[in-house]
A.B. asks: 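Could you have a look at this structure, given as structure tokens, before my questions?
Owing to the predicted nature of the structure, the values given are computational and were not obtained by experimental measurement.
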Amino acid sequence: MDKDIYKTLAAPSEETLYKEKNSKFFGYAFPVKDEDEVKAILEEVKKKHHSARHWCYAFQLGTEQVYYRANDDGEPNNSAGMPIYGQIQSFEVTNVLVIVVRYFGGVKLGVGGLISAYRASAQMALEASEIIEKTIDVYFTLKFGYQNMNKVMRVIKEKNLEIISQKMEMDCEITISTRKKNAEAVLEVLENLYEVTVKV
């Protein structure tokens with residue numbers, strides 16, 4: 001597998017339902033960019049399931065430096081958040097939040113029962129998601145005068161670079177992205193362009 005590819009979700013999963021001894025576990029998986037998004041989605045799910053007993057979750061952010069958190073939300077230690085996180089790891093996805101909402105059905109499941117129920121529910125949510133591959137991209141901002149426009153555009157086309165944004169005022173400013181594994185070669189070409197400044 002290329003070092004500059006990672007897997008994430010194309011879109012939020014459909015709601016999944018896992019039942020165990022009258023307890024109901026609703027599973028959800030979401031693509032997320034940062035912790036603010038995690039908090040906002042948690043609030044939404046809590047509103048939707050305001051009468052539930054537990055809202056357990058795990059998330060992982062980042063591609064090269066990974067940051068994760070697992071939360072048992074009142075369930076016994078490591079019986080919910082970590083089994084959910086284990087599924088994020090086994091599906092090898094990142095920038096992902098998985099939430100499992102539990103409605104208690106009156107019968108205690110015990111720690112082993114909880115672990116397998118949260119694991120199964122997280123697995124169902126991830127299986128219900130479309131998993132896609134994305135490249136780890138490097139962004140460059142180019143600044144140049146109009147007279148250099150054609151030259152820059154030619155390189156962008158030849159190197160198959162994606163234009164993220166452009167500002168055309170007194171001078172031109174274009175932000176482009178390329179896959180990490182191509183970044184050095186692209187940078188070299190860009191830096192050889194006369195009268196074009198490049199910022200990574």
Side-chain angles (χ1 to χ4, degrees), residues 1-137 177 179-180:
M1 188 153 142
D2 283 319
K3 284 264 188 285
D4 67 345
I5 288 180
Y6 66 95
K7 292 197 293 196
T8 189
L9 307 187
S13 70
E14 289 169 21
E15 175 181 282
T16 59
L17 172 59
Y18 178 81
K19 292 183 180 144
E20 181 69 42
K21 293 184 180 151
N22 304 343
S23 272
K24 286 181 181 161
F25 296 84
F26 288 96
Y28 301 91
F30 299 90
V32 286
K33 284 187 205 61
D34 52 38
E35 269 196 89
D36 290 338
E37 217 174 336
V38 169
K39 288 190 186 104
I41 292 169
L42 270 170
E43 287 307 305
E44 284 300 301
V45 172
K46 283 185 178 180
K47 260 187 229 148
K48 184 175 177 176
H49 291 284
H50 54 87
S51 57
R53 182 73 74 85
H54 303 281
W55 301 270
C56 305
Y57 65 90
F59 66 82
Q60 177 170 301
L61 296 169
T63 47
E64 289 155 297
Q65 284 160 332
V66 169
Y67 169 69
Y68 77 92
R69 184 170 289 166
N71 187 321
D72 296 315
D73 193 38
E75 292 282 32
N77 254 354
N78 295 331
S79 68
M82 280 321 276
I84 295 172
Y85 182 59
Q87 288 304 305
I88 291 177
Q89 287 178 302
S90 75
F91 278 80
E92 297 180 347
V93 285
T94 192
N95 295 346
V96 170
L97 163 67
V98 177
I99 303 174
V100 177
V101 179
R102 179 185 182 199
Y103 287 87
F104 183 55
V107 181
K108 289 210 153 133
L109 300 182
V111 171
L114 287 172
I115 288 173
S116 63
Y118 279 106
R119 185 193 298 130
S121 186
Q123 181 183 344
M124 283 166 72
L126 286 164
E127 280 170 357
S129 308
E130 186 193 343
I131 293 174
I132 52 171
E133 287 194 344
K134 284 189 166 183
T135 54
I136 299 171
D137 295 331
S177 75
R179 281 182 62 160
K180 186 170 176 237

A.B. asks: Say whether, by atom type as modelled, one donor and one acceptor occur between the side chain of Asp73 and the main chain of Trp55 under 3.5 angstrom.
C.D. replies: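 Yes; at least one donor-acceptor contact below 3.5 Å.
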A.B. asks: I need the Leu17 CG to Glu15 CD distance, nearest 0.5 Å.
C.D. replies: 7.5 Å
A.B. asks: Taking all non-hydrogen atoms of both residues, which atom of Phe91 and which atom of Gln123 are closest, and how far apart?
C.D. replies: CZ-O, 3.9 Å
A.B. asks: To the nearest 0.5 Å, tell me how far Cys56 SG sits from Asn71 CG.
C.D. replies: 7.0 Å
A.B. asks: Looking just at side-chain N and O atoms, do Gln89 and Tyr68 make a donor-acceptor pair shorter than 3.5 Å?
C.D. replies: no
A.B. asks: Could you list the residues that satisfy ring pair (Phe, Tyr, Trp, His ring centres under 6.0 Å) with Phe30, not counting sequence neighbours?
C.D. replies: none
A.B. asks: In Å, rounded to the nearest 0.5 Å, how long is the span from CG of Leu61 to CG of Leu97?
C.D. replies: 9.0 Å
A.B. asks: To the nearest 0.5 Å, how far apart are CD1 in Ile84 and CD1 in Ile99?
C.D. replies: 9.0 Å
A.B. asks: Does any non-hydrogen side-chain atom of Leu9 lie less than 4.5 Å from one of Leu126?
C.D. replies: yes
A.B. asks: Taking side chain as C-beta onward, heavy atoms only, is Tyr28 less than 4.5 Å from Val101?
C.D. replies: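 Yes, at least one pair of side-chain atoms sits under 4.5 Å.
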A.B. asks: With distance as the sole test, does Asp72 use its side chain to make a donor-acceptor pair with the main-chain N or O of Ala80 at under 3.5 Å?
C.D. replies: yes
A.B. asks: Which pair of non-hydrogen atoms, one from Leu109 and one from Ala117, has the smallest distance, and what is that distance?
C.D. replies: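 It is CD1-CB, 4.5 Å.
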A.B. asks: Using the test salt bridge (Lys or Arg N to Asp or Glu O under 4.0 Å), find all partners of Lys180 that sit at least two apart in sequence or belong to another chain.
C.D. replies: Glu64
A.B. asks: Could you go step by step and tell me if Tyr118 and Gln87 meet the side-chain contact (heavy atoms from CB on, under 4.5 Å) rule?
C.D. replies: CA-CA 10 Å; Tyr118 279 106; Gln87 288 304 305; over 6 Å; no
A.B. asks: Roughly how far, to the nearest 0.5 Å, is the CZ atom of Phe25 from the CZ atom of Phe104?
C.D. replies: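 Answer rounded to 0.5 Å: 9.5 Å.
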A.B. asks: Could you report the tightest heavy-atom contact between Ala125 and Ser13, atom names first, then the distance?
C.D. replies: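 Scanning both residues completely, I find the closest heavy atoms to be O-CB, 3.4 Å.
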A.B. asks: Grab the two heavy atoms, one from Thr63 and one from Val66, that are nearest each other, plus how far apart they are.
C.D. replies: O-CG2, 3.9 Å
A.B. asks: List the atom of Tyr18, the atom of Glu20, and the distance in Å for their closest heavy-atom pair.
C.D. replies: OH-OE1, 3.2 Å
A.B. asks: Is any side-chain heavy atom of Tyr6 less than 4.5 Å from a side-chain heavy atom of Ile136?
C.D. replies: yes
A.B. asks: Please give me the minimum heavy-atom distance between Ala58 and Gly81, naming the atom from each residue.
C.D. replies: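 Residues Ala58 and Gly81, closest heavy atoms: CB-O, 3.6 Å.
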A.B. asks: Would you compute the distance between atom CG of Leu114 and atom NZ of Lys108 and round it to the nearest 0.5 angstrom?
C.D. replies: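 One finds 10.0 Å between CG of Leu114 and NZ of Lys108.
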A.B. asks: If you draw a 6.0 Å radius around CD in Glu35, do more than 12 non-hydrogen atoms from other residues or ligands fall strictly inside?
C.D. replies: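 Yes, because the 6.0 Å sphere around CD of Glu35 holds more than 12 heavy atoms from other groups.
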A.B. asks: Per the side-chain hydrogen bond (donor to acceptor under 3.5 Å, both in side chains) rule, what does the pair list look like for residues 94-105, sequence neighbours excluded?
C.D. replies: Ser23-Arg102, His49-Tyr103, Gln60-Thr94, Glu75-Arg102
A.B. asks: I want to check something: taking the side chain as every heavy atom from C-beta on, are Ile5 and Arg179 in contact at a cut-off of under 4.5 Å?
C.D. replies: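 Ile5 reaches Arg179 side chain to side chain.
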A.B. asks: Looking at Glu43 and Lys46, does any basic side-chain N land under 4.0 Å from a carboxylate oxygen?
C.D. replies: no
